[in-house]
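Structure, as structure tokens:
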Amino acid sequence: VGQILQVVRLCPKQPASSEQGCSSKPDSIVVANTHLFYHPMAGHIRLLQAFAVCHKLDQIRRKDPENPAPLLICGDFNSDPLSGAVRLLANR
């Protein structure tokens, strides 16, 4: 079973200046897109895929453990909102 995960870390061209009162803005944001397995009887596979996605995104976001980057994740989860895969992605 294949899986796709695309991840990019976006940074502003010019860092926020503390003189402008923007010091609380993050230095970067991580944007991720994935497509989980489609079969309606494969919720267990989607849950494993979601776990793998979370693990990889945690590694990327926490390169600076003191200041983890915010995350935007989107994609085709092929799941209903109460599924284990969606709950894991939303609450992790």
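Predicted model, so just to flag it, every value in this text is computed and none were measured.
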Heavy-atom closest pair (R9 atom, S28 atom, distance to 0.1 Å) is NH1-OG, 2.8 Å
Exercise: identify the closest heavy-atom pair between N78 and Y38: ND2-CA, 3.6 Å
When every non-hydrogen atom of A50 is compared with those of L36, the smallest separation belongs to N-CD2, 4.4 Å
How long is the gap from OG on S83 to NE2 on H44, to the nearest 0.5 Å? 13.5 Å
Where P12 and D27 come nearest, the two heavy atoms and their spacing: CD-O, 3.2 Å
Side chains of L57 and I73: does their closest heavy-atom pair fall under 4.5 Å? yes
Heavy-atom side-chain contact between T34 and Q3 under 4.5 Å: yes
Given side chains that start at C-beta, do those of R46 and F77 come closer than 4.5 Å, heavy atoms only? no
Can you give me the closest heavy-atom contact between I29 and P70, atom names plus distance? CG1-O, 3.5 Å
If the test is side-chain contact (heavy atoms from CB on, under 4.5 Å), which one of V7, D58, L48, L5 qualifies with V53? L5
Starting from L47, walk the hydrophobic network (Ile, Leu, Val, Met, Phe, Trp, Tyr; side-chain heavy atoms closer than 4.5 Å) and list everyone else you reach, by chain and number. F51, L88
Would V31 and L10 satisfy side-chain contact (heavy atoms from CB on, under 4.5 Å), going step by step from the backbone distance to the final call? CA-CA 7 Å; V31 180; L10 301 174; 3.8 Å; yes
Matching residue for Q59 among K63, R61, H55 - test: side chain to side chain donor-acceptor pair (under 3.5 Å): H55
Out of curiosity, C74 SG to Q6 CD, how far, rounded to the nearest 0.5 Å? 9.0 Å
